[in-house]
Amino acid sequence: MPTHPFPVVSPGRMRDAEQPRLQVDGLVLRAWTHDDAGAVLEAFSDPAIQRWHRRTMTTLDEAVDWIDQWPARWRAETDACWAVTDAGTGEVLGRASLRDIHLTEGLAQITYWILPDARGREAAVRAAQETTRWAFEDIGLHRVELHHSTYNTASCLVADKAGFAYEGTLRSALLHADGWHDMEVHARINEPVRDRRA
C-alpha cells in the first residue's frame, strides 16, 4: 500500500509506545484491567449509557471481552480507551476514548461515559480535556471531533465546557433504539496559542 505523501503523524507513534497513564485535577486515566469488569458491566447496564452508546451487556465475561479488545486497537493505532478513575480512591468513574484515529490525516473522535454515581462532578469534562491535550501535545493530531445526538443535552454541555466548538448538525446520522438521530458535531483544532496582545 502506498504511503501518505505528507502524514500529519507518522504510523508507529502509538504502537511503538505503551498506552500512557494520564493525570488531571483529581483524575487518573489508565488502561483497563480485568479487575474493572464489574464497573464496565454496571456502565452498560445503565439505561442512559445504553441509550446513547447503543450497547447492552449482561455478563462479566462480556465485560472482560470488551476490556480485552483495547490493546489490539491501540497497536492498530485506530483507538485508545482509558478507564477514568478517582485519583484518591482508584474507583472507576467512567471511560474516555479516542475512536476512529487516523494518524496520517491527524484526526480522531472523542467519546466518553460516566457511571451514574459519578455524574455531576465534571469528570467527563476533565477527562475529555486531558485526552484531547494528549492527542494534540503528545501524539500531534490536528483535529478532534465530538459527536452527540441532538437530544443528548448532557453531552452537549460537556462539549461546551471542554472547549469543543459547535460546527453543525448531521441529519439522521445515527440509528438508536428509538430511531434515527440527528448528530451535532463539535471540534477542537490543534492550533498554536496566539498572544492576544499582539
Side-chain angles (χ1 to χ4, degrees), residues 22-30 32 39-40 42-57 66 70 73 78-87 91-102 105-139 141-191 193:
L22 308 175
Q23 296 187 4
V24 59
D25 192 19
L27 300 178
V28 171
L29 281 64
R30 58 160 175 80
W32 293 94
V40 172
E42 178 187 352
F44 285 106
S45 300
D46 175 63
I49 291 174
Q50 286 179 7
R51 180 178 186 196
W52 304 124
H53 293 271
R54 306 181 308 152
R55 179 172 188 152
T56 59
M57 194 176 287
W66 183 89
W70 297 113
R73 291 185 175 200
T78 59
D79 301 274
C81 187
W82 287 267
V84 178
T85 68
D86 184 283
E91 174 191 6
V92 174
L93 306 179
R95 162 219 187 170
S97 65
L98 289 169
R99 306 294 308 277
D100 299 323
I101 297 171
H102 298 278
E105 303 294 341
L107 308 174
Q109 183 179 153
I110 193 166
T111 64
Y112 45 79
W113 47 251
I114 298 296
L115 288 162
D117 289 346
R119 291 173 192 157
R121 297 190 242 166
E122 296 200 344
V125 173
R126 288 175 282 152
Q129 289 172 328
E130 177 60 14
T131 305
T132 304
R133 182 209 62 75
W134 174 82
F136 288 163
E137 295 181 11
D138 296 4
I139 295 298
L141 297 184
H142 176 68
R143 176 180 170 89
V144 174
E145 294 184 356
L146 190 162
H147 297 192
H148 66 80
S149 166
T150 53
Y151 294 110
N152 191 344
T153 55
S155 197
C156 191
L157 189 59
V158 170
D160 290 342
K161 288 184 175 181
F164 285 78
Y166 170 73
E167 293 189 339
T169 300
L170 303 173
R171 295 182 302 119
S172 195
L174 197 62
L175 181 62
H176 288 267
D178 60 350
W180 288 95
H181 283 225
D182 293 349
M183 301 294 290
E184 286 192 8
V185 178
H186 301 249
R188 284 182 57 181
I189 306 298
N190 188 1
E191 294 179 320
V193 176

With sequence neighbours left out, what residues match [X] under side chain to side chain donor-acceptor pair (under 3.5 Å)?
| X | answer |
| --- | --- |
| Tyr151 | none |
| Ser155 | Tyr112 |
| Arg73 | Gln69 |
| Arg119 | Asp46 |

Sorted by chain and residue number, the ring-ring contact (aromatic ring centres under 6.0 Å, His included) partners of His148 (sequence neighbours excluded) come out as His186
query = For residues 173-190, which residue pairs qualify under salt bridge (charged side-chain N to carboxylate O under 4.0 Å, His left out), counting only residues two or more places apart or in two chains?
reply =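 Every salt bridge (charged side-chain N to carboxylate O under 4.0 Å, His left out) pair that includes a residue of residues 173-190, provided the two are not neighbours, is Arg51-Asp178.
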Residues 145-156 vs salt bridge (charged side-chain N to carboxylate O under 4.0 Å, His left out), sequence neighbours excluded, gives Arg143-Glu145
For [X] against [Y], the heavy-atom pair lying closest together:
| X | Y | value |
| --- | --- | --- |
| Asp100 | Asp79 | N-OD1, 3.4 Å |
| Leu98 | Ala108 | CD2-CB, 4.2 Å |
| Val84 | Ala96 | CG2-N, 3.7 Å |
| Ala123 | Leu93 | CB-CD1, 4.5 Å |
| Ala80 | Ile101 | N-CD1, 3.9 Å |
| Leu141 | Asn190 | O-ND2, 2.9 Å |

Would you check, one step at a time, whether the test side chain to side chain contact (heavy atoms under 4.5 Å, CB included) holds for Arg133 with Asp138? CA-CA 8 Å; Arg133 182 209 62 75; Asp138 296 4; 3.5 Å; yes
Within the structure provided, determine whether [X] and [Y] are in side-chain contact (heavy-atom separation under 4.5 Å).
| X | Y | result |
| --- | --- | --- |
| Met183 | Asn152 | no |
| Phe164 | Ile110 | yes |
| Ile189 | His142 | yes |
| Phe44 | Thr56 | no |
| Ile114 | Arg121 | no |
| Phe136 | Thr132 | yes |
| His147 | Leu170 | yes |
| Leu29 | Thr85 | no |

Dump the intermediate steps for ring pair (Phe, Tyr, Trp, His ring centres under 6.0 Å) on Trp32 and Trp66, then the final yes or no. CA-CA 10 Å; Trp32 293 94; Trp66 183 89; 5.2 Å; yes
Does [X] have any side chain to side chain contact (heavy atoms under 4.5 Å, CB included) partners at least two apart in sequence or in another chain, and if so, which?
| X | answer |
| --- | --- |
| Leu157 | Lys161 |
| Ala87 | Val28 |
| Ala165 | none |
| Ala43 | Ile49, Trp113, Leu115 |

Determine whether Met57 and Val40 satisfy the following criterion, side chain to side chain contact (heavy atoms under 4.5 Å, CB included), listing intermediate values before the conclusion. CA-CA 9 Å; Met57 194 176 287; Val40 172; 3.8 Å; yes
Let me confirm one number: the [atom1]-[atom2] distance from [X] to [Y], rounded to the nearest 0.5 Å.
| X | Y | atom1 | atom2 | value |
| --- | --- | --- | --- | --- |
| Trp134 | Leu22 | CH2 | CG | 7.5 Å |
| Glu122 | Asp25 | CD | CG | 9.5 Å |
| Cys81 | Arg99 | SG | CZ | 7.5 Å |

We want to know whether Arg95 and Ser97 form a side-chain donor-acceptor pair, criterion being a heavy-atom distance below 3.5 angstrom.
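Yes, because at least one side-chain N or O of Arg95 sits under 3.5 Å from a partner of the opposite role on Ser97.
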